[in-house]
K.L.:
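First the structure, which I've put down as structure tokens, then a few questions once you've had a look.
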Amino acid sequence: MQDYKAILGDIHRDLSSKTNKGQVATYIPELAHIDKNKFGIHLKTIDGFEFGIGDCYTSFSIQSISKVLALSKAIALIGETVWQRVGVEPSGHPFNQLALLEVEKGIPRNPFINSGAIVIADILLSYLKNPKDDFLRYIRDLANDDSIGFNEDVALSEKITGFKNYAAANLLKSFNNLENAVEDVLDFYFYQCSIEMTCSQLNHTFFFLANKGNCLLNKSRLTKTQAKRINALMLSCGFYDEAGEFAFEVGLPGKSGVGGGIVALLPNHFVITTWAPGLNPKGNSLLGMQSLEQFTTKTKLSIF
Ligand code: GLU
């Protein structure tokens, strides 16, 4: 077995000393005051080895990473029907870009850009009895951890400033691709994005996608094929308009969020999570991406 502790220790030490730590997201005011020196990494392998380093037990806002969990719940509820309302192609544009949505008549390119995630939120709103509670229950069950929760201040902060998301939702509504009221869909979406987790909790939550759709307690959450589809989407669309760069540098399916978190996984092998709040110009965690590049290079473990 590889000496993961030594490898992660070296990566953490090396990157902690870097002076350029990127810029914390400021467009959601509640995220603007997060300390950009925070830096955690957590690894869990399929055969049960688990190791975390740095700030891996401090909670952060998972933001767009929640889009993967929302999609997996939507697929569990309505299966392939999801793809009638959202595409599966990378957008090559920033996560909140609107022009494509207008050109492509209200069918978002993929479920991980904001407009696509808003359509998925609409599906969950239509099919869940108590949408916020049921979605949180789903995530707590995946992680086997009832301490995971929403951060209402972050949700509210985004509600007050989320003009582009309101624009996207209104466009979707104008193309008949939202069933519920714009306000209700966005309320759910902002709460979904405000979920907080530590690197360790995030790792446990995503374990099912490395484990053929089966979560920690080995309960089946998705079929093997559904897990494959979600992993494929993370590879092609998980890093805004830097998905190609992430595949090139790291070579793993994954998803980032503007809170500075990244989750990446090698199916049947491991899940690795990082949190470093400073972002690069494309909105991905600067040290997170560098950590994962070093990890797959040093261990020679990637999908390629
Ligand atoms: N809640 C954020 C938004 O809608 C998510 C962005 C992200 O993490 O990429 O802008």
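Both ligands and their constituent atoms are indexed starting at 1 by order of listing. Index from 1, following the sequence.
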K.L.:
Suppose I only count heavy atoms of Tyr240 and a 4.0 Å limit; which atoms of ligand 1 are within that range?
P.N.:
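Those qualifying, in numeric order: 7 (C), 8 (O), 9 (O).
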
K.L.:
Which residues pass the ring-ring contact (aromatic ring centres under 6.0 Å, His included) test with Phe206, sequence neighbours left out?
P.N.:
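Phe206 satisfies ring-ring contact (aromatic ring centres under 6.0 Å, His included) with no other residue.
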
K.L.:
By number and element, which atoms of ligand 1 are closer than 4.0 Å to a non-hydrogen atom of Cys193?
P.N.:
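Selected atoms, number and element: 1 (N).
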
K.L.:
For ligand 1, which atoms sit closer than 4.0 Å to a heavy atom of Tyr27?
P.N.:
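So the answer, numbered in order with elements, is 2 (C), 3 (C), 5 (C), 6 (C), 10 (O).
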
K.L.:
Can you say whether the rings of Phe208 and Tyr138 are parallel (under 30°), tilted (30 to 60°) or perpendicular (over 60°)?
P.N.:
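The rings of Phe208 and Tyr138 stand perpendicular, inter-plane angle above 60°.
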
K.L.:
Of the options Phe150, Tyr189, Tyr191, Phe188, which is the one that meets Phe135 in a ring pair (Phe, Tyr, Trp, His ring centres under 6.0 Å)?
P.N.:
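With Phe135 as partner, ring pair (Phe, Tyr, Trp, His ring centres under 6.0 Å) holds for just one option, Phe188.
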
K.L.:
Angle class for the His12/Phe39 ring planes (parallel below 30°, perpendicular above 60°, tilted otherwise)?
P.N.:
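Parallel, since the angle between the ring planes stays under 30°.
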
K.L.:
In this structure, does ligand 1 have an atom that sits under 4.0 Å from one of the heavy atoms of Tyr189?
P.N.:
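Flag set, Tyr189 near ligand 1.
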
K.L.:
Does the structure place the NZ or CZ of Lys67 under 6.0 Å from the centre of the six-membered ring of Phe112, at an angle of no more than 45° from the ring's axis?
P.N.:
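No, a cation-pi geometry is absent between Lys67 and Phe112.
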
K.L.:
Which atoms from ligand 1 have a heavy atom of Asn114 less than 4.0 Å away?
P.N.:
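So the answer, numbered in order with elements, is 3 (C), 4 (O), 10 (O).
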
K.L.:
Using a 4.0 Å cutoff against the non-hydrogen atoms of Asn165, which atoms of ligand 1 qualify?
P.N.:
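Listed by number with element: 3 (C), 4 (O), 10 (O).
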
K.L.:
Give the contacting part of Lys164 toward ligand 1: side chain, backbone, both or neither, where contact means a heavy-atom distance below 4.0 Å.
P.N.:
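For Lys164, there is no contact with ligand 1 at all, from either part.
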
K.L.:
Might you work through the side-chain contact (heavy atoms from CB on, under 4.5 Å) test for Glu242 and Met289, ending with a clear yes or no?
P.N.:
CA-CA 11 Å; Glu242 208 173 28; Met289 260 180 92; 3.5 Å; yes

K.L.:
So which heavy atom on Lys173 is nearest to which on Ala181, and how close?
P.N.:
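Between these two residues, the closest heavy atoms are NZ-N, 4.3 Å.
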
K.L.:
For atom 3 (C) of ligand 1, state which one of Gln63, Glu158, Gln192, Lys255 supplies the nearest heavy atom.
P.N.:
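Closest candidate by heavy-atom distance is Glu158.
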
K.L.:
Closer than 4.0 Å to some heavy atom of Gly257 - which atoms of ligand 1 meet that?
P.N.:
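Numbered from 1, ligand 1 contributes 8 (O).
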
